[in-house]
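Encoded as structure tokens, the structure appears first; notes follow it.
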Amino acid sequence: MLLHWHRRDLRATDNVALARAADECAVLPVFVFDDDVLAHASPPRVAFMLDALAELRRWYRERGGDLRLARGDPADVLVEAAEARDADGIYWNRDYSGLAQRRDERVAGALDAAGLTHERFHDALLHEPGSVTTNDGDPYSVYSYFARKWRDREKEAPYDAPDGDALADVRGDPLPSLADLGFDEPEAEVESAGMDVARERLDAFCDGPIYEYAERRDYPADGCTSRLSAHLKWGTIGIRATYAATEDAMDRAGSDAAREAVEAFRGQLAWREFYAHVLYFDPDVVTRNYRDYENEIDWRDDEGERRAWKDGRTGYPVVDAGMRQLREEGYVHNRVRMIVASFLTKDLLADWREGYDWFRERLVDHDTANDNGGWQWAASTGTDAQPYFRIFNPWTQGERYDPDAEYVREYVPELAGATPDEIHSWHELDPDERESVAPDYPAPIVDHGERRERALATFERARGGNG
DNA sequence: GGTGACTTTGG
DNA sequence: CAAAGTCAC
């Protein structure tokens, strides 16, 4: 018998290590509540994870197996679990972040010492780190070239779920609650997890919205995005199954525009892989600027401004809408993530790590590689970064991507009675007008024009110029 | 080594 | 249409 150690692959279908183990012998799936991991976790993510685990366990139970649970240091509890069932060894899928890799090395050492076999598989990405490189063999630091090569590579087909007769007949312990794990209830209404929800989302997306993706994905009120981010983070859907669904969608596409839209969605999958590769080859970017400036960037540390950003009380409607969506749903539309990130790092000149930490605490779909990549992109410190002199104008962005102010009015009730025009020109209204339009909504806390100049000068100094 | 391209944006 | 640095080829 083999153990399969579930980590960020909370699914039974299209799971490489699980499928390989089930090909060989009986499999006992196990999940470890790792104290080190929980120390870095937050309520919305753990809530989603527990929901996914409950459904995974149900899947196993319906087929005569079960998901074993353990808590503690995986190097200890996995050895115990294997020995208790007289298993030969453990299979699992790789996790490419630095922390996980160090832990996995430790676990592998403990298994070796106990005389247990172990094997690690590539599963989380269509193309593993190191397999998409420049012609010189170096990892890419520019997305567009990476994406071109990534697109041309052949993709693996999805893996089958194990048969019921491959599952070891066991009964596990009950699932712990959030409170058992030491977490408060999340403030956000966390979306439901699990393989079935993920599959339904993927199918619904590929049935229609995917064909609008190229044109409409940047409009946060439109809802034509896949909403698969949390599922891809926790592995409640497999990446091969996801890609295969885009192939079916491509076959059904009736026009060049529709095919381009499917291709645009695949581009987002390529971004995910690009950032995973970047993090794999440069794990320090979690805390360090990817791109070095000659001098330190003079980040400002204004507690009040940062608070206003977190609370969605900056007086910039689209920024506040995004920050409130984060608070309420543990999710933010991607275009809005760029807008709020630009506002924090450029208008407020707050260190991108402040924003990254807040997202990590609040996002259900938080993923180290993606979030770090996104924040450093916005802060002009990352790979393929937005050049520092290109600073989002939150007024223009709001007008362009939320023209009818639908998104703003959904998340900022103080502005529910304002017209789109009043919302997009909120900074140009005089105090009396603001008072009569939306008395409870704040005036902009900073002047974008001034802050833009300040950011340009700050980055110019960091670059070593005379500005 | 010159050149095209850049989750293009702001004015 | 200017900004304007850097990567990959």
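Treat the numbers as computed from the prediction; the structure is a model and nothing was measured. Quick note on labels: first sequence line is chain A, next is B, and so on, each numbered from 1.
With rounding to whole Å, F146(A) atom CZ is found 17 Å from dC7(C) atom P. If you measure from atom CG of D384(A) to atom C1' of dA8(C), you get 11 Å, rounded to the nearest angstrom. Here the C1' atom of nucleotide dT8(B) and the OH atom of Y388(A) are 16 Å apart, to the nearest Å. In this structure, R291(A) atom CZ and dT6(C) atom P are separated by 7 Å, rounded to whole Å. Per the geometry, OH belonging to Y401(A) stands 14 Å off P belonging to dT7(B), to the nearest Å. Protein atom CG of L456(A) is 12 Å distant from nucleotide atom C1' of dT9(B), rounded to whole Å. For Y143(A) and dC6(B), the OH to C1' distance is 12 Å, given to the nearest whole Å. If you take CG of D218(A) and C1' of dT9(B), they are 13 Å apart, rounded to a whole angstrom.
Put simply, Y140(A) has a side-chain N or O that comes within less than 4.0 Å of OP1 or OP2 on dC9(C). Between S141(A) and dA8(C) there is a side-chain N or O to OP1 or OP2 distance below 4.0 Å. Remark: K149(A) is in phosphate contact with dC9(C), judged by side-chain N or O atoms under 4.0 Å from OP1 or OP2. OP1 and OP2 of dC6(B) both lie 4.0 Å or more from every side-chain N or O belonging to R148(A). Remark: R463(A) is not in phosphate contact with dA4(C), judged by side-chain N or O atoms under 4.0 Å from OP1 or OP2.
Across all strands shown, the partner of dG4(B) is dC7(C), judged by Watson-Crick or G-U wobble contacts whose two distances both fall under 3.5 Å.
For the P atoms, the distance linking dG1(B) with dA5(B) amounts to 22 Å, nearest Å. dC1(C) and dT7(B) have their P atoms separated by 22 Å, with the value rounded to a whole Å.
In the set dT7(B), dA8(C), dT9(B), dT9(B) carries the atom at the smallest distance from any side-chain atom of R400(A). The listed nucleotides are dT8(B), dT7(B), dA4(C); the one nearest the side chain of W377(A) is dT7(B). Nearest nucleotide to the M338(A) side chain, out of dT6(C), dT7(B), dT8(B): dT7(B). Picking from dT6(C), dA3(C), dT9(B) the nucleotide with the shortest atom distance to the side chain of F389(A) gives dA3(C). The side chain of T134(A) lies closest to dC9(C), out of dT9(B), dC9(C), dT7(B). The side chain of Q397(A) lies closest to dT9(B), out of dC9(C), dT9(B), dT6(C).
Looking at R120(A) and E105(A), a side-chain N of the basic residue comes within less than 4.0 Å of a carboxylate O on the acidic one, giving a salt bridge. Between R7(A) and D95(A) there is no salt bridge, since no side-chain nitrogen of the basic residue lies less than 4.0 Å from a carboxylate oxygen of the acidic one.
Rounding to the nearest 0.5 angstrom, the gap separating the CG atom in L202(A) from the OG1 atom in T236(A) is 11.0 Å. Annotation: the span from F392(A) atom CZ to F343(A) atom CZ amounts to 14.0 Å, rounded to 0.5 Å.
At a threshold of 4.0 angstrom between heavy atoms, the contacts of Y293(A) with the nucleic acid are absent.
A pairwise comparison of heavy atoms in P420(A) and A405(A) identifies CA-CB, 3.9 Å as the closest pair.
The closest donor-acceptor contact from the side chain of Q376(A) to the backbone of R288(A) lies under 3.5 Å.
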